[in-house]
Number of protein chains: 2
Amino acid sequence: MLTTMSTSLHHRAVEHLGTRIVGGKLPSGHVMLAEHLEDELNVSRSVVREAVRVLQSLGLVETIKRVGIRVLPAHRWNPFDPLVIRWRLAGDGRGAQLRSLAELRSAVEPVAAELAAANAPDSMRRELLEIALAMRDAGRSGDMPRFLDLDIRFHALVLSGSGNEMFANLIGQVTETLTGRTVHGLMPEHPKEAALQWHLDVAHAIGSGDAGKAREASMRIMKETIADLEPTWQGQPRVFVPVDRR
Amino acid sequence: MLTTMSTSLHHRAVEHLGTRIVGGKLPSGHVMLAEHLEDELNVSRSVVREAVRVLQSLGLVETIKRVGIRVLPAHRWNPFDPLVIRWRLAGDGRGAQLRSLAELRSAVEPVAAELAAANAPDSMRRELLEIALAMRDAGRSGDMPRFLDLDIRFHALVLSGSGNEMFANLIGQVTETLTGRTVHGLMPEHPKEAALQWHLDVAHAIGSGDAGKAREASMRIMKETIADLEPTWQGQPRVFVPVDRR
DNA sequence: GAGTTTTGATGTCAGCACACATCGGTGTCA
DNA sequence: TGACACCGATGTGTGCTGACATCAAAACTC
């Protein structure tokens with residue numbers, strides 16, 4: 001070994017192969033040999049095999065005896081795996097991935113708000129209102145970094161307050177779309193006053209247990225968010241996977 | 001080796017550990033040693049290590065030097081991974097898992113119907129209508145196995161027709177809730193006439209590109225489905241994960 | 001108590017035996 | 001002579017093992 005490694009060889013191998021497959025450099029159907037990967041990555045068989053096993057569990061490759069390690073088509077990948085999402089966001093698939101995430105979020109958050117209104121513990125309802133108020137202040141004063149941070153916490157709290165662990169798990173990916181919107185300069189100098197009010201509406205509705213209102217207000221936020229982000233993925237073709245192919 | 005193996009040792013090891021962790025037999029914080037696992041499973045280090053690596057990528061365990069392999073708390077698991085879902089459905093978590101899936105589905109399908117109305121290829125729209133009509137026939141004549149099959153295909157087609165690969169990936173899990181409803185005797189002798197009509201409404205709305213109507217009709221189906229399934233998870237406590245803990 | 005050494009676990013390597021799908025050669029039959 | 005079935009060689013993933021590296025907790029020294 002020449003280099004002292006910051007990350008483990010295993011981690012690097014997974015990352016190396018994952019980015020190349022998801023990024024499209026290794027196309028679907030491409031076959032690799034374990035031995036070849038050893039040379040390419042300068043690691044031993046154990047490292048390659050453990051990495052391939054992980055990629056296999058993500059649906060990125062399959063191993064076939066006497067043939068090698070074959071790259072699977074994109075529709076076999078697990079689109080909910082954090083690694084796959086990260087790799088897609090880092091490569092060509094960024095636009096399509098952001099659209100998928102935004103659509104997922106626009107579907108989930110209103111229902112999460114509904115559930116939070118029905119089920120969230122009081123402490124979360126209180127915190128939600130505090131954050132919404134702080135968002136209004138930060139938004140009006142144009143403190144955008146603080147606004148972004150509060151925005152993330154707000155939506156994370158709605159998802160978490162739903163009491164649905166699948167919803168709560170989307171927090172990381174919501175964070176990605178929110179920061180993405182800011183990074184790509186898609187946020188105005190000041191957030192719209194209406195948007196600030198909608199966040200307060202959500203907080204109040206959840207606070208008072210009004211599921212219908214919470215959903216409605218959340219949907220308005222989602223519509224606005226989608227409209228803001230749309231330029232990011234414009235022109236990206238949609239993919240329709242035949243249902244029989246799992 | 002004594003036994004000829006039907007499934008690979010790797011597969012068996014992943015399954016063995018996964019079911020025990022998700023099933024709660026190995027509680028959060030429990031520490032195992034790789035060597036101990038070798039003895040327990042009667043497999044070699046490579047098998048154990050590769051299995052542990054896969055479980056690590058699912059968020060079920062972490063490996064710590066000088067300590068061992070530690071089971072992670074449930075909120076660290078990837079709730080979207082097919083393996084995790086399957087293990088939860090097979091164990092104590094079945095009720096909570098079904099609720100999560102049903103809620104996710106009730107959030108996603110109306111939006112998927114909306115998107116399908118806007119984007120689905122014509123062939124899918126046509127097939128959707130055919131299936132909805134066939135569902136009506138099967139429903140009225142009380143051919144429930146055929147109805148279930150058509151129902152699955154219908155909802156799979158809506159999800160797939162959205163052109164969102166994350167939605168399309170939920171097909172398998174939707175199948176689980178639909179078959180679960182039938183298996184648990186939660187379906188009436190004949191599906192309600194209204195439900196049959198709602199499916200036709202969705203198909204027609206998507207066929208004619210009416211996104212709003214598609215969403216509305218889909219939401220009605222979802223409300224009904226949730227109501228049907230609710231007994232399955234009654235009394236299951238909700239879990240609220242603090243937002244700061246990832 | 002702070003710094004150092006020891007210890008024990010995972011991480012990594014390399015070589016081997018085995019199972020098995022594929023391919024090509026051989027034999028048989030028409 | 002040609003078509004077809006059989007069969008063994010080959011290559012590659014699967015699994016096992018012994019050895020060493022690495023690193024952090026724990027024990028020890030001062």
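Here is how names work: the chains are called A, B, and so on, in the same order as the sequence lines, proteins then strands, and each is numbered from 1.
- Atom CD of Glu35(B) is separated from atom C1' of dG8(C) by 11 Å (rounded to the nearest Å).
- Using the six-membered ring where Trp is involved, Phe80(B) and Phe80(A) have ring planes that are parallel, under 30° apart on the 30 and 60° scheme.
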Residues 25-40 of chain B, side-chain donor-acceptor partners within the protein, below 3.5 Å, at least two apart:
unit_1, atom_1, unit_2, atom_2, d
Glu40(B), OE2, His16(B), NE2, 3.2

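- Map Val47(A) and Val67(A) each onto its nearest nucleotide of DNA chain C; the residue landing nearer the 5' end is Val47(A).
- Within 6.0 Å of CG in Asp137(A) there are more than 12 heavy atoms belonging to other residues, nucleotides or ligands.
- Taking atom CD on Glu62(A) and atom P on dG13(D), their separation rounds to 13 Å, with Å as the unit.
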List, with names and distances, any nitrogen or oxygen atoms from the protein found under 3.5 Å away from nitrogen or oxygen atoms belonging to nucleotides 9-11 of chain D.
unit_1, atom_1, unit_2, atom_2, d
dT10(D), O2, Arg66(A), NH1, 3.0
dG11(D), O4', Arg66(A), NH1, 2.8

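- Of the side-chain N and O atoms in Arg53(B), none sit less than 4.0 angstrom from OP1 or OP2 of dT10(C).
- Across the protein-nucleic acid pair, Arg12(B) atom CZ and dT14(D) atom P stand 16 Å apart, rounded to whole Å.
- Going from atom NE2 of His36(A) over to atom P of dT12(D) covers 12 Å, rounded to whole Å.
- Atom CG of Leu9(A) is separated from atom P of dA21(D) by 15 Å (rounded to the nearest Å).
- Among the heavy atoms of the strands lying under 4.0 Å from Thr63(B) are primed sugar atoms or P, OP1, OP2 only; no base atom is included.
- With salt bridges taken as basic N to acidic carboxylate O contacts below 4.0 Å, none links Glu130(A) and Arg153(A).
- Contact annotation: Ser44(A) side-chain N/O to dT12(C) OP1/OP2 distance is not under 4.0 Å.
- The distance between atom CD of Glu50(A) and atom P of dG15(D), rounded to the nearest whole Å, is 13 Å.
- As judged by a 4.0 angstrom heavy-atom cut-off over every strand, Arg70(A) is placed among residues making no nucleic acid contact.
- An OP1 or OP2 oxygen of dG11(C) is reached within less than 4.0 angstrom by a side-chain nitrogen or oxygen of Arg49(B).
- In this model, no side-chain donor or acceptor of Arg45(B) finds a partner on the base of dG11(C) within 3.5 Å.
- Atoms CH2 and CG, from Trp77(B) and Leu83(B) in turn, are 13.0 Å apart once rounded to the nearest 0.5 Å.
- Arg99(A) CZ to Ile226(A) CD1: the interatomic distance, rounded to the nearest 0.5 Å, is 10.5 Å.
- The CG atom of Leu41(A) sits 15 Å away from the C1' atom of dC13(C) (whole-angstrom rounding).
- Between Arg86(B) and Glu15(B), at least one side-chain N (NZ, or NE/NH1/NH2) sits under 4.0 Å from a carboxylate O, which counts as a salt bridge.
- Distances were taken from every side-chain heavy atom of Ala34(B) (C-beta onward) to each of dC13(C), dG15(C), dT10(C); the shortest belongs to dT10(C).
- Across the protein-nucleic acid pair, Ile64(A) atom CD1 and dC23(C) atom C1' stand 17 Å apart, rounded to whole Å.
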